[in-house]
Amino acid sequence: MAIDLLGIFWILIGCYSADPNGPLYHKGWYHLFYQHNPDSAIWGNITWGHAVSKDLIHWLYLPFAMVPDQWYDINGVWTGSATILPDGQIMMLYTGDTDDYVQVQNLAYPANLSDPLLLDWVKYKGNPVLVPPPGIGVKDFRDPTTAWTGPQNGQWLLTIGSKIGKTGIALVYETSNFTSFKLLDEVLHAVPGTGMWECVDFYPVSTEKTNGLDTSYNGPGVKHVLKASLDDNKQDHYAIGTYDLVKNKWTPDNPELDCGIGLRLDYGKYYASKTFYDPKKQRRVLWGWIGETDSESADLQKGWASVQSIPRTVLYDKKTGTHLLQWPVEEIESLRAGDPIVKQVNLQPGSIELLHVDSAAELDIEASFEVDKVALQGIIEADHVGFSCSTSGGAASRGILGPFGVVVIADQTLSELTPVYFYISKGADGRAETHFCADQTRSSKAPGVAKQVYGSSVPVLDGEKHSMRLLVDHSIVESFAQGGRTVITSRIYPTKAVNGAARLFVFNNATGASVTASVKIWSLESANIRSFPLQDL
Ligand SMILES: *[C@@H]1O[C@H](CO)[C@@H](O)[C@H](O)[C@H]1NC(C)=O
Ligand SMILES: *[C@@H]1O[C@H](CO)[C@@H](O)[C@H](O)[C@H]1NC(C)=O
Ligand SMILES: *[C@@H]1O[C@H](CO)[C@@H](O)[C@H](O)[C@H]1NC(C)=O
Ligand SMILES: *[C@@H]1O[C@H](CO)[C@@H](O)[C@H](O)[C@H]1NC(C)=O
C-alpha cells in the first residue's frame with residue numbers, strides 16, 4: 001500500500017493532475033492552472049484545474065477554469081501559457097484536442113480582469129486560432145508558450161513544440177492580437193533525434209544580476225534558456241544559448257549540450273515544467289509535474305495521482321556558465337518550525353549515523369560534506385572507472401570516494417531507505433568528477449513500484465564543499481546539489497518509514513576517505529490547502 005499523505009505540500013484534490021498551465025501573478029494572487037481529470041486517477045477528459053496563493057505555499061482551490069465543452073477542445077483542454085499585455089489584459093493560449101483528434105491552439109481570456117481570483121474564463125468565439133500547418137502532423141502540434149515582444153512595434157512572437165521525423169522542433173508564430181497568427185519560415189531551433197517536443201519553455205536569464213527577467217526582456221547581459229519536454233522519454237531538457245531577436249534564431253552556447261541531448265532540469269520524476277515571471281519579487285519561478293512511479297491500478301485504488309513540485313526560482317549560474325540554478329522559493333522557509341538541529345559528524349569509511357529527529361517525514365535539510373584531500377588526490381591517480389548513478393549499483397556499491405550523503409525516509413532498522421548522495425570518480429578528462437544520485441531501489445517494500453537510481457554529474461568548483469539541500473515530504477523528496485546545479489525529484493512509496501517512524505541518517509560508504517558532514521535540519525509544518533468558497537478571504 002502506498003502512502004497517500006503529503007503533509008507539507010499539496011495533492012491537487014481528487015483524481016489525476018499533471019502539467020502546470022498558465023502560471024501568472026494577478027492583483028496580489030499567484031495563479032496556477034493544471035491538467036486535471038476530475039473523473040478518474042488516470043489521464044483523460046482533461047480539464048483546467050485552478051488554484052491561487054498569496055505566497056506560493058498556502059493554496060486555495062478554485063472552480064475549474066475551463067472544461068472540455070467545445071468541438072475544438074472536446075477531447076481535452078490541454079497545456080497552455082499566459083501572456084500579460086502591457087495594458088494588463090491576459091491572453092491564455094492553450095491546445096485543444098478536437099472532436100477529430102486534431103491538435104489546435106485556442107485563445108481564452110478572463111471575463112472580468114477586475115476579479116483578483118479570475119474565476120470566469122471566456123473561450124474566444126473565433127477558436128481555434130491556429131491549426132497544424134502543412135507538413136506538421138495533426139497530433140504533433142501542442143503547448144504554446146508565453147509570448148515575447150518581437151522586433152516590430154506591437155508584434156508578439158511565441159513558440160509551439162512539434163517534430164519533423166525524429167527531429168524535435170520549436171515553431172515560431174507572430175501575432176499582434178492573439179487571434180490571427182503568421183508562421184515564420186524558420187524554426188526557433190531543431191535538434192535531430194530528440195522526437196516530439198512538448199511544453200517548450202523559452203525565457204531570458206541574466207548573466208549579471210541575481211533577479212529573474214520578464215519573458216520579453218532582451219539585450220546585453222542576457223542569455224536565453226530553451227526547454228523541451230521530450231515526449232519519447234518523458235524528460236525535461238534544457239540548454240542555455242543566445243537568441244537573435246531579428247533573425248529569430250536561438251543558438252546553444254555548447255552544441256554538445258544542445259536541448260534534448262545535454263542537461264536535464266531534473267534527473268528524477270519530473271516533467272512538463274513551465275516557468276513564469278513573478279513581477280512581485282522580480283524572479284522567474286518554475287513549476288513541474290511529479291508523476292507516479294507505481295502502477296495505474298495502484299493509482300486507481302488510492303484514488304489520485306500526481307502532484308506539483310514545490311516552485312523553484314531559476315537563475316543562470318554565473319560560476320559555471322553552463323548550468324541553471326534551481327532553488328526552492330524562499331517562502332518555503334516560512335514552514336520551518338523553530339530553530340534547526342545543527343550537527344557536525346565525522347564519518348569514517350563504511351559508517352552510518354542516525355540524526356535524531358522526532359519525525360523525519362517533513363524536513364528541510366541543508367548538508368555539506370568535506371572530503372579528505374589526500375583521498376581526493378588518490379582518485380585522480382587511480383585507473384579510470386566509469387561511473388553513472390543509474391548503472392553503477394546505488395548506495396550499496398562502494399568506491400574509493402563514494403557514496404556519501406544522507407538517507408531519508410528510512411525506518412530505524414533501514415529496511416526501507418532512500419539514500420541521496422555524492423560519488424566522486426575519475427572523469428574522462430582525468431579529473432575528479434562528482435555525481436549526485438538518489439537511490440530508490442530500497443525505498444519501498446510495496447510491490448510494483450519502480451526501483452531506479454536517478455542522478456547525473458554536478459560541477460563542484462575549486463574551494464566549494466559538496467553541498468545539498470533536500471525537501472522531504474513523506475513520499476516526495478526534492479534534492480538540490482551545489483546550489484541547484486543538479487536536481488533530482490524522487491517519488492517514493494514507503495510502507496514502514498512513515499510518519500513518526502521515519503528517520504534521517506548521514507552515511508559514508510566510501511572505502512578510501514573519511515568525510516565530515518555539517519547538517520542543519522528543520523522540521524516543516526504543513527501548508528494550508530483550502531477549497532473555495534471561503535468566508536475569510
Ligand atoms: C468531463 O469532465 C467534465 C467536468 O470537467 C464533466 O462535466 C463531464 O461529464 C466529463 N465528461 C466525461 C465524458 O467524463
Ligand atoms: C468584476 O470583479 C469585481 C471584483 O471582484 C467585482 O466587483 C465586479 O462586480 C465584477 N464585475 C462583473 C461584471 O462581474
Ligand atoms: C488581428 O490582426 C490581424 C492582422 O493584423 C487582422 O487581420 C485581424 O482582423 C485582427 N483580428 C481582430 C479580431 O482584431
Ligand atoms: C553501504 O554499503 C553496504 C555494503 O554494500 C550496504 O549494505 C549499505 O546498505 C550501504 N549503505 C547505504 C546507506 O546504502
Side-chain angles (χ1 to χ4, degrees), residues 26-29 31 52 62-63 85 88-91 93 106-130 147 150 152-158 173-183 345 347-355 360 367 369 389 392-423 437-443 451 453-455 468 470 477 479 490 492 497 503-513 515 517 532-534 537:
H26 181 69
K27 294 192 187 298
W29 291 91
H31 289 252
V52 290
L62 298 179
L85 306 189
Q89 284 188 75
I90 299 170
M91 297 291 161
L93 286 172
N106 302 309
L107 173 66
Y109 49 89
N112 180 3
L113 268 181
S114 308
D115 172 12
L117 299 183
L118 300 173
L119 287 172
D120 296 318
W121 288 80
V122 178
K123 293 177 184 173
Y124 174 59
K125 61 179 185 332
N127 279 340
V129 293
L130 271 176
Q152 282 140 44
N153 214 3
Q155 182 192 38
W156 292 89
L157 299 169
L158 62 93
Y173 285 87
E174 67 164 332
T175 184
S176 58
N177 53 20
F178 291 81
T179 56
S180 158
F181 294 81
K182 185 173 157 244
L183 178 64
V345 190
L347 295 160
Q348 295 302 311
S351 62
I352 180 159
E353 195 153 327
L354 176 67
L355 296 182
F369 300 86
C389 292
S392 294
S397 276
R398 304 180 57 183
I400 299 169
L401 260 186
F404 56 89
V406 300
V407 171
V408 296
I409 305 293
D411 59 331
Q412 184 79 28
T413 63
L414 296 168
S415 73
E416 285 180 334
L417 71 164
T418 299
V420 178
Y421 54 89
F422 292 108
Y423 190 110
C437 320
D439 176 358
Q440 298 186 197
T441 56
R442 293 168 289 167
S443 296
K451 297 189 183 300
V453 185
Y454 293 129
M468 58 171 86
L470 273 71
V477 184
S479 306
S490 302
I492 56 176
R503 296 285 176 269
L504 171 71
F505 298 82
V506 282
F507 79 105
N508 175 20
N509 247 350
T511 56
V515 167
F532 188 80
L534 287 178
L537 272 179

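Residues: numbered from 1 along the sequence shown. Read the numbers this way: they start at 1 and go in the same order the structure lists the ligands and their atoms.
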Kindly indicate whether the side chain of [X], heavy atoms from C-beta on, has any atom under 4.5 Å from the side chain of [Y].
{"X": "F404", "Y": "L347", "value": "no"}
{"X": "F507", "Y": "P403", "value": "yes"}
{"X": "F369", "Y": "N508", "value": "no"}
{"X": "P349", "Y": "T511", "value": "no"}
{"X": "Y423", "Y": "C389", "value": "no"}

Within the 4.0 Å heavy-atom shell around N509, which atoms of ligand 4 are there? 1 (C), 2 (O), 3 (C), 8 (C), 10 (C), 11 (N), 12 (C)
F507 neighbourhood, listing ligand 4 atoms whose heavy-atom distance to it stays under 4.0 Å: 13 (C)
For V407, which part has a heavy atom under 4.0 Å from ligand 4: side chain, backbone, both, or neither?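 Under 4.0 Å from ligand 4, V407 contributes side-chain atoms alone.
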Do any nitrogen or oxygen atoms of N177 come within less than 3.5 Å of a nitrogen or oxygen of ligand 3?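 N/O-N/O distance under 3.5 Å: yes.
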Protein residues near ligand 2, heavy-atom distance below 4.0 Å? N112, S114, D115
Would [X] count as being in polar contact with ligand 4, using the rule that some N or O on each side must be under 3.5 angstrom apart?
{"X": "R442", "answer": "yes"}
{"X": "R398", "answer": "no"}
{"X": "L417", "answer": "no"}

Enumerate the atoms of ligand 3 whose separation from the nearest heavy atom of T179 is less than 4.0 angstrom.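 So the answer, numbered in order with elements, is 1 (C), 11 (N), 12 (C), 13 (C).
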May I ask you to list the atoms of ligand 3 that are less than 4.0 angstrom from any heavy atom of S176?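 Here the atoms of ligand 3 in question are 2 (O), 5 (O).
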Side-chain donor or acceptor of R398 paired with backbone N/O of N509 under 3.5 Å: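 Side chain of R398 to backbone of N509: a pair is present.
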So, does T175 use its side chain to make a donor-acceptor pair with the main chain of S180 at under 3.5 Å? yes
One pair to check against side chain to side chain contact (heavy atoms under 4.5 Å, CB included): V406 and L355. What are the steps and the verdict? CA-CA 10 Å; V406 300; L355 296 182; over 6 Å; no
Find the distance between CH2 (W121) and CD1 (I90) and round it off to the nearest 0.5 Å.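 Here the rounded value is 5.0 Å.
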Starting at CD1 of I409, measure out to CZ of R503 and round the result to the nearest 0.5 Å. 11.0 Å
